[in-house]
Amino acid sequence: METPCFMPVGTLGTVKGITAAQLGDTGARMVLANTYHLHLQPGEGIVAEAGGLHRFMGWDGPLLTDSGGYQVFSLGDINRINDEGVTFRSPRDGRRIELTPERAMAIQMDLGADVAMAFDQCPPHPASEAEVAAACRRTHSWLERCIASHTRPDQALFGIVQGGCFPGLRAESARVVASMDLPGIAVGGVSVGEPVEAMHRILRQVGPLLPEERPHYLMGVGSLPEMALAVAQGFDLFDCVLPTRLGRHGAALVGGERWNLRNARFRHDHQPLDASCPCPACRQHSRAYLHHLIRAEEMLGKVLLSLHNITHLVRFTRAMARAIREGCFAEGFAPWEAQSPAAHTW
RNA sequence: GCGGGCGUCGCCAAGUGGUUAAGGCAGCGGCUUGUGGCGCCGCCAUUCGGGGGUUCGAAUCCCCUCGCUCGCC
């Protein structure tokens, strides 16, 4: 794959106040939705009843569902975890829910996205090598069960490499997952609180270990420098909450920087946020207006900044794709690797 | 005019003689990486309406003064 792709996240069948049509206008090609959240509400039965997730949420482009493995560990109140699966209490109504590889596959098949993700165990960042090794073994055995129970031929299944910050475990996990002959491979267990240098080391190590002909998906990563670094290491696909979460919190990505639109310096700034950007926020509104909307806690401000930030990341991935096609990726984007401030050349 | 009450950060508000004057809101800035529009973290009164006393020590006690407020004329 030579076209890096960024996926905005549509947890609940919307991207936080943005319609599918608006999302399409940003240039985003693929959307990630969430098995965990959709299972809790409204439930995969309702989605299946609607004719699948595409029709339910009004998005007819490519769609990927995360398996819920990460959310169970990061959001859930876990009661029990063993080789069989995970039992946790629903934060919504307190009922006990059991998620196993088979169950995660059944739910994702009901949801009907184009890509389903394997059910994995994502250990939290400060974890011992023994703990991470156990999570890897479990993730690998769960992957076999996911493959065995995933029977929907019109849906791809991606495996997930774990291994934390331990090179030996990463190498072993990459070998095991690559051997399964799946249509795509993801690297998980990054951006879970580890230092950025640790993530960079993992990317440099694991990227080259993955089969070149199959898409590499780096889960949860969406800062510009890290996407560029990952693309340099062969990754193609990213998802991240950052553009929309930053937008909701009043921040905009402009020229490789992060601006807090709440800041008083924008109060009298009547020029466009980013004159080079084609998004609705930049085309039709000023920094002062966006500042006002954010200060007034107006939802429109959050939506406009989210649209802008998604557009920004999509433009960035497209610029990288063009650079790869034209054979000048290293000159244009390698500066990111060294954290160079000169990177805004696209 | 007489009598009572009150004046502590832009706003609300603790504190009623003892180390560097709580807290909330607002303000100023920061954080957010396989999504709860959640949340978290810094910074924000050398000074208590003003002036003068008493005291080792005063936002706290006394005197004068200014302002607001309630009641009575």
Under 3.5 Å, which donor-acceptor pairs link side chains of residues 155-162 of chain A to any protein atom two or more places apart or in another chain?
residue, atom, partner, partner atom, Å
A:Gln155, OE1, A:His150, NE2, 2.9
A:Gln155, NE2, A:Gln108, O, 3.1
A:Gln155, NE2, A:Ala113, O, 2.9
A:Gln162, NE2, A:Asp120, OD2, 2.8

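Distances from the side chain of A:Asn260 to the nucleotides B:G27, B:G30, B:U33 place B:G30 closest. Among the nucleotides B:U33, B:G34, B:G37, the one closest to the side chain of A:Ser191 is B:U33. In this structure, of B:C28, B:U32, B:G34, it is B:G34 that holds the atom nearest to the side chain of A:Gln162. The side chain of A:Arg295 lies closest to B:G27 when the candidates are B:U33, B:G34, B:G27.
Comparing A:Glu298 and A:Ser67, the nucleotide of RNA chain B nearest to each residue sits closer to the 5' end for A:Ser67. When each of A:Ser223 and A:Lys302 is assigned the nucleotide of RNA chain B bearing its nearest heavy atom, the one mapping closer to the 5' terminus is A:Ser223.
Pairing for B:A26 is absent, with no Watson-Crick or G-U wobble pair whose two atom distances lie under 3.5 Å. B:A21 is unpaired under the criterion used here, namely a Watson-Crick or G-U wobble arrangement in which both key atom distances are under 3.5 Å. Here B:G67 sits opposite B:C6 as a Watson-Crick or G-U wobble pair (both hydrogen-bonding atom distances under 3.5 Å). Shown here, B:C72 forms a base pair with B:G1; the pair counts as Watson-Crick or G-U wobble because both key distances fall under 3.5 Å. Across every strand in view, B:C38 sits unpaired, with no contact that passes the Watson-Crick or G-U test at under 3.5 angstrom.
With hydrogens and angles left out, the side chain of A:Asp120 and the base of B:G34 share a donor-acceptor pair within 3.5 Å. For A:Gln121 against B:G34, no side-chain N or O and base N or O form a donor-acceptor pair under 3.5 Å.
For A:Arg137, the salt bridge (Lys or Arg N to Asp or Glu O under 4.0 Å) criterion is met by no residue, not counting sequence neighbours.
Here A:Gly189 lies in heavy-atom contact (under 4.0 Å) with a base.
For A:Tyr289 and A:Phe266, the gap between ring centers reaches or exceeds 6.0 Å. Here the two rings, on A:Phe316 and A:Phe333, have centers that are under 6.0 Å apart.
The same atom, C1', is picked in B:C9 and in B:G1; the two are 37 Å apart, to the nearest Å.
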